[in-house]
Amino acid sequence: MGGRMSRNKGAAAERELAEILTRELGFVVKRKLGQARDSGDDIQVQKFRIEAKRRETLALPAWCRQIETHCGPGEVPIVAYRQNAQPWRIVIKLEDFLPLMRGELTRE
């Protein structure tokens, strides 16, 4: 898949993820569009910067580097991805996951 079809699939994935996050978090989560995307992430929810991918072939290390490069101090880089007929999955650095599990990392 290339060009327009790939962009459409990516945009559909971002919309799908934003809708799920909105429904589950109880507040509106919007995709970044246009020049706002120069920052490298597709969706930002407070300090969480999310790169959404909808691909069959995974490139997790490259996707992680992509979002991590664009995060500032105190921001949490997240890769959310989904393959066909699979649930959404999240990749987060262990150093960000541990405070989240301890309840120290909030949605400031």
Side-chain angles (χ1 to χ4, degrees):
M1 183 183 327
R4 180 179 286 190
M5 286 179 60
S6 181
R7 281 190 304 275
N8 289 344
K9 184 176 181 182
E14 293 163 17
R15 282 191 302 274
E16 178 184 348
L17 183 59
E19 289 170 6
I20 292 168
L21 293 174
T22 294
R23 182 178 63 242
E24 296 298 322
L25 297 175
F27 57 88
V28 177
V29 174
K30 294 185 178 180
R31 298 168 47 224
K32 287 187 165 184
L33 301 173
Q35 291 182 354
R37 298 186 83 168
D38 292 343
S39 61
D41 54 332
D42 299 319
I43 299 170
Q44 186 165 2
V45 180
Q46 284 90 13
K47 64 170 60 177
F48 301 95
R49 294 184 62 163
I50 304 169
E51 179 64 29
K53 299 291 187 183
R54 179 77 166 75
R55 306 247 181 99
E56 288 306 301
T57 303
L58 303 181
L60 289 170
W63 299 342
C64 290
R65 282 190 302 274
Q66 177 185 353
I67 189 64
E68 290 168 4
T69 298
H70 294 94
C71 280
E75 294 181 319
V76 178
I78 295 173
V79 173
Y81 70 95
R82 187 168 84 78
Q83 295 173 291
N84 288 340
Q86 294 295 314
W88 278 97
R89 299 179 191 279
I90 300 292
V91 176
I92 184 171
K93 292 189 297 185
L94 181 61
E95 67 188 55
D96 293 323
F97 177 71
L98 293 174
L100 187 64
M101 292 301 293
R102 289 191 296 257
E104 299 167 1
L105 193 58
T106 61
R107 297 185 318 185
E108 300 168 0

- prompt: Between Glu19, Glu14, Gln44, which is the residue that forms a side-chain contact (heavy atoms from CB on, under 4.5 Å) with Arg31?
  reply: Glu14
Qualifying residue for side-chain contact (heavy atoms from CB on, under 4.5 Å) with Val76, from Ile92, Ile50, Val45: Ile92
So how far is it from [X] [atom1] to [Y] [atom2], rounded to the nearest 0.5 Å?
| X | Y | atom1 | atom2 | result |
| --- | --- | --- | --- | --- |
| Phe97 | Arg102 | CZ | CZ | 10.5 Å |
| Arg54 | Arg82 | CZ | CZ | 3.5 Å |
| Asn84 | Arg55 | CG | CZ | 13.0 Å |
| Phe48 | Leu100 | CZ | CG | 5.5 Å |
| Leu94 | Met101 | CG | CE | 11.0 Å |
| Asp42 | Arg49 | CG | CZ | 10.5 Å |

Could you tell me which non-hydrogen atom of [X] sits nearest to which non-hydrogen atom of [Y], and how far apart they are?
| X | Y | answer |
| --- | --- | --- |
| Ile43 | Lys30 | CG2-O, 4.0 Å |
| Trp88 | Lys53 | CZ3-O, 3.7 Å |
| Glu68 | Pro77 | CG-CG, 3.7 Å |

query: With a 4.5 Å heavy-atom cut-off, do His70 and Glu51 have their side chains touching?
result: no
task: Decide yes or no for Gln66 and Val79: does some side-chain heavy atom of the first lie under 4.5 Å from some side-chain heavy atom of the second?
output: no
query: Is it the case that one hydrophobic cluster holds both Leu17 and Val28, taking links as side-chain heavy atoms less than 4.5 Å apart, direct or via other members?
result: no
